[in-house]
Chemist: 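My questions will all concern the structure given below.
First listed ligand is number 1; within each ligand, the first listed atom is number 1. Nothing here was measured: the structure is a model prediction, and the numbers come from that model.
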Amino acid sequence: MSAARPVERVAVLGAGSWGTAFAKVLADAGRDVVLWARRPEVAEAVGERGENPEYLPGVRLPDALRATADPVAALEGADAVVLAVPSQTLRANLAAWRDALPADATLVSLAKGVELGTLARMSEVIREVAGVTEDRVAVVSGPNLAREIAEEQPTATVIACVDHDRAVALQHACSTGYFRPYTNTDVVGCEVGGACKNVIALACGLAGGLGYGDNTMATLITRGLAETSRLGVALGADPQTFAGLAGLGDLVATCASPLSRNRTFGERLGRGETLEQAQEHAHGQVAEGVKSCSSIRQLAARHGVEMPIADAVHRVCHEGLSPRVMAADLLGRQRKAEFA
Ligand SMILES: NC(=O)C1=CN([C@@H]2O[C@H](COP(=O)(O)OP(=O)(O)OC[C@H]3O[C@@H](n4cnc5c(N)ncnc54)[C@H](O)[C@@H]3O)[C@@H](O)[C@H]2O)C=CC1
Ligand SMILES: O=C(CO)COP(=O)(O)O
């Protein structure tokens, strides 16, 4: 029996593709869910027509799912507050919501990124801005392409929290016939896995755009996992996490899927589009790796960790390196042992 209080009322703040899909999971699991959307017309479409046409067109949302454009109304009485906004805006969004956060509610991050400037992980941003202890913060991370989950395709995920009982309460709150959450107390590892896989997916997209095939993809995935694990371990993560759903699982899904915004973004760059052109095609949806490649690279440098793929992605995105030269540079690095 878990000592944490049960999660019945949930506020999901952010009605993009993952916020909306995760709100659906919670509602399907029987929770009382209110989804906050920045734009009133999105809240109206979800609440009244049972659809979020911009982010998940054609997906029928549960009748029980309520929506509002008023964050205070969404937060009222919530046992858990799910933060589903992009990594680089989370600090400002949360600061605006801080005074309305219910006491003792679990704060749950869905975002996969590292903040520019501070180099903070999302749980660190949440602790700092909300002024809460680490046991109040949880992270959801895994191979969770929103569209597939909204279509109720079978998927597993990880709910990480240093307070195991809170993770169990959340696990119970979002278990459905198609969504299977596991618990983990390694918040650092899950966050590092989630943020880095976006950058590796950009690299896979770049390779795809250049016309390279599966050997190249497998090489990037495997060596990407190696550098992700190195960074995670330097930050105190459990190496085992990187063999799990929030590590290898999410990396494979994102690097392989045409649904991934990061992979797609990389592919466009690989085909010769500029950053601005690729951004235009993203239609305002976030490809987190484009910014996180820079913060991850800096974090790695701060801890003396080598991350050649993240470094190369940063140079392509922000320093004008051509994708073809990037590939040659990576292959031309000093020869070494695989597990050096
Ligand atoms: N879409 C997916 O399949 C998955 C996404 N994630 C992560 O979840 C987080 C949210 O992603 P999505 O829902 O996919 O993003 P999205 O781009 O589909 O939507 C972002 C949402 O945040 C809102 N928002 C609030 N304040 C904002 C601001 N100042 N600037 C921009 N947007 C603002 C937007 O209105 C929108 O509703 C990201 O960190 C992403 O990496 C994680 C797992 C799966
Ligand atoms: O995090 C994701 C899947 O787990 C979604 O990836 P993208 O943001 O690249 O679409």
Chemist: Testing the 3.5 Å rule here: is there a donor-acceptor pair between the side chains of S322 and R324?
Modeler: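 R324 and S322 do not have a side-chain donor-acceptor pair below 3.5 Å.
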
Chemist: Just to confirm my output: which protein heavy-atom neighbour is closest to atom 8 (O) of ligand 1, and how far is it?
Modeler: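 Ranked first by proximity to atom 8 (O) of ligand 1 is L110 O, 3.4 Å.
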
Chemist: Between E44 and R49 (salt bridge meaning N to carboxylate O under 4.0 Å), is one present in this structure?
Modeler: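 Salt bridge flag = no for R49 with E44.
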
Chemist: In ligand 2, which numbered atoms sit nearer than 4.0 Å to a non-hydrogen atom of R261?
Modeler: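 Matching atoms, with element in brackets: 7 (P), 8 (O), 9 (O), 10 (O).
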
Chemist: Is the shortest N/O to N/O distance between P143 and ligand 2 below 3.5 Å?
Modeler: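 It does not: no N or O of P143 is found under 3.5 Å from an N or O of ligand 2.
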
Chemist: Closer than 4.0 Å to some heavy atom of S260 - which atoms of ligand 2 meet that?
Modeler: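 Answer for ligand 2: 7 (P), 9 (O), 10 (O).
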
Chemist: Can you sort out which atoms of ligand 2 are near D250, meaning under 4.0 Å from one of its heavy atoms?
Modeler: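 Checking each atom against D250, I get 3 (C), 4 (O).
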
Chemist: Does the pair T157 and Y182 meet the rule for a side-chain contact (heavy atoms from CB on, under 4.5 Å), with working shown?
Modeler: CA-CA 6 Å; T157 198; Y182 289 81; over 6 Å; no

Chemist: Find out if a path of hydrophobic residues (ILVMFWY) with successive side-chain heavy-atom gaps under 4.5 Å connects Y55 to V286.
Modeler: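 Looking at the clustering, V286 is in a separate group from Y55.
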
Chemist: Under the side chain to side chain donor-acceptor pair (under 3.5 Å) definition, can you give me all pairs with a residue in residues 56-73, not counting sequence neighbours?
Modeler: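 Only D32-R66, R60-D63 qualify under side chain to side chain donor-acceptor pair (under 3.5 Å).
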
Chemist: Got an N/O contact under 3.5 Å between A111 and ligand 1?
Modeler: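 Min N/O separation from ligand 1 is not below 3.5 Å for A111.
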
Chemist: Distance from C317 atom SG to Q279 atom CD, nearest 0.5 Å?
Modeler: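 Nearest 0.5 Å value for the SG-CD distance: 9.0 Å.
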
Chemist: Going by the order shown, which atoms of ligand 1 are within less than 4.0 Å of some heavy atom of A146?
Modeler: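 Once the distances to A146 are compared, the set is 1 (N), 2 (C), 3 (O).
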
Chemist: Taking 4.0 angstrom as the limit and counting only heavy atoms of K112, give me the atoms of ligand 2 inside it, by number and element.
Modeler: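 Counting from 1, the qualifying ligand atoms are 1 (O), 2 (C), 3 (C), 4 (O).
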
Chemist: Any salt bridge linking R91 with E128? Criterion: basic side-chain nitrogen under 4.0 Å from a carboxylate oxygen.
Modeler: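 Answer for the salt bridge query: yes.
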
Chemist: How does R261 reach ligand 1, by side chain, by backbone, by both or by neither, if only non-hydrogen atoms under 4.0 Å count?
Modeler: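 Only the side chain of R261 comes within reach of ligand 1.
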
Chemist: Is it the case that the side chains of E267 and T264 hold a donor-acceptor pair, with the cut-off being a distance below 3.5 Å and no angle test?
Modeler: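 No, no side-chain donor-acceptor pair sits under 3.5 Å.
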
Chemist: Using a 4.0 Å cut-off to any heavy atom of T254, which atoms of ligand 2 qualify?
Modeler: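 Near T254, the atoms of ligand 2 are 3 (C), 6 (O), 9 (O).
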
Chemist: Report the nearest protein non-hydrogen atom to atom 19 (O) of ligand 1: residue, atom name, distance rounded to 0.1 Å.
Modeler: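 Nearest protein contact, heavy atoms only, for atom 19 (O) of ligand 1 is G16 CA, 3.2 Å.
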
Chemist: Look only at interatomic distance and state if R263 has a nitrogen or oxygen under 3.5 Å from any nitrogen or oxygen of ligand 2.
Modeler: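 There is no such contact.
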
Chemist: Starting from atom 44 (C) of ligand 1, locate the nearest protein heavy atom and write down its residue, its atom name and how far away it is, to 0.1 Å.
Modeler: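 Of the protein heavy atoms, N144 O, 3.0 Å lies nearest.
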
Chemist: What I want to find out is whether R166 reaches D104 closely enough, with some N-O distance under 4.0 Å, to be called a salt bridge.
Modeler: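 Yes.
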
Chemist: Which side-chain N or O atoms in residues 247-260 pair as donor and acceptor under 3.5 Å with protein atoms at least two apart or in another chain?
Modeler:
| from | atom 1 | to | atom 2 | distance (Å) |
| --- | --- | --- | --- | --- |
| D250 | OD1 | T254 | OG1 | 3.1 |
| D250 | OD2 | K112 | NZ | 2.8 |
| T254 | OG1 | K197 | NZ | 3.1 |
| T254 | OG1 | D250 | O | 2.8 |
| S257 | OG | L259 | N | 2.9 |
| S260 | OG | N262 | N | 3.2 |
| S260 | OG | R263 | N | 2.9 |

Chemist: For atom 32 (N) of ligand 1, grab the closest protein heavy atom and report residue, atom and distance to one decimal in Å.
Modeler: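 Protein heavy atom at minimum distance: R38 NH2, 3.3 Å.
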
Chemist: Run the numbers for me: atoms of ligand 2, each under 4.0 Å from some heavy atom of N144, listed by number.
Modeler: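 With N144 as reference, the close atoms of ligand 2 come out as 3 (C), 4 (O).
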
Chemist: Does ligand 1 come near enough to S17 that some N or O of the ligand is less than 3.5 Å from an N or O of the residue?
Modeler: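 Right, the criterion is met.
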
Chemist: If we check side-chain contact (heavy atoms from CB on, under 4.5 Å) with L110, which of these qualifies: N144, V82, L90, L83?
Modeler: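 The residue from N144, V82, L90, L83 that satisfies side-chain contact (heavy atoms from CB on, under 4.5 Å) with L110 turns out to be V82.
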
Chemist: Quick one: look at E288 and ligand 2, take heavy-atom pairs under 4.0 Å, and tell me if it's side chain, backbone, both or neither.
Modeler: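 Looking at E288 and ligand 2, no heavy atom falls under 4.0 Å.
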
Chemist: Non-hydrogen atoms of G142 versus ligand 2: any pair closer than 4.0 Å?
Modeler: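 Yes.
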
Chemist: Taking only heavy atoms of Q285, which atoms of ligand 1 are found under 4.0 Å from at least one of them?
Modeler: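 Taking each heavy atom of Q285 in turn, ligand 1 has 17 (O), 18 (O) under 4.0 Å.
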
Chemist: Give the atoms of ligand 1, by number and element, whose distance to some non-hydrogen atom of L145 is under 4.0 Å.
Modeler: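 Per the distance check, 3 (O).
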
Chemist: For ligand 1, which atoms have a heavy atom of A15 less than 4.0 angstrom away?
Modeler: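 In order of number, 37 (O).
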
Chemist: Only heavy atoms of G19, strictly under 4.0 Å: list the atoms of ligand 1 that pass.
Modeler: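 What qualifies from ligand 1 is 13 (O).
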
Chemist: For ligand 2, which atoms sit closer than 4.0 Å to a heavy atom of N262?
Modeler: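 Per the distance check, 7 (P), 8 (O), 9 (O).
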
Chemist: Examine the proximity of ligand 1 to N93 and report which part, side chain or backbone, both or neither, has a heavy atom under 4.0 Å away.
Modeler: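 N93 to ligand 1: side-chain contact only, backbone stays beyond 4.0 Å.
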
Chemist: If two hydrophobic side chains count as joined below 4.5 Å and joins carry through other members, does V108 share a cluster with I126?
Modeler: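 As far as the 4.5 Å side-chain criterion goes, I126 and V108 are not connected within one cluster.
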
Chemist: Output the list of atoms in ligand 1 that are nearer than 4.0 Å to some heavy atom of K112, sorted by atom number.
Modeler: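 Selected atoms, number and element: 39 (O), 41 (O), 42 (C), 43 (C).
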
Chemist: Could you check whether any heavy atom of K197 sits closer than 4.0 Å to an atom of ligand 2, since that is the contact criterion I want to use?
Modeler: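 Yes, that is the case, since the closest heavy atom of the residue is under 4.0 Å from the ligand.
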
Chemist: With R261 as the cation and F265 as the aromatic partner, state whether NZ or CZ is under 6.0 Å from the six-membered ring centre and within 45° of the axis.
Modeler: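 Negative - R261 is either too far from the ring of F265 or too far off its axis.
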
Chemist: Check each of N198, I149, T89 against atom 30 (N) of ligand 1 and report the one with the nearest heavy atom.
Modeler: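 Selected option, by shortest heavy-atom distance: T89.
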
Chemist: Minimum distance, heavy atoms only, to atom 43 (C) of ligand 1: which one of Y55, F22, W36, W18 is it?
Modeler: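 Heavy atom nearest to atom 43 (C) of ligand 1 belongs to W18.
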
Chemist: Under a 4.0 Å N-O cut-off, is there an ion pair linking R223 with E227?
Modeler: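 Salt bridge absent between R223 and E227.
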
Chemist: Hey, does G14 come in under 3.5 Å of ligand 1, counting only N/O atoms on both sides?
Modeler: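 No; the residue has no nitrogen or oxygen that sits under 3.5 Å from a nitrogen or oxygen of the ligand.
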
Chemist: Does ligand 1 come near enough to E288 that some N or O of the ligand is less than 3.5 Å from an N or O of the residue?
Modeler: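 Among all N and O atoms of E288, at least one is under 3.5 Å from an N or O of ligand 1.
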
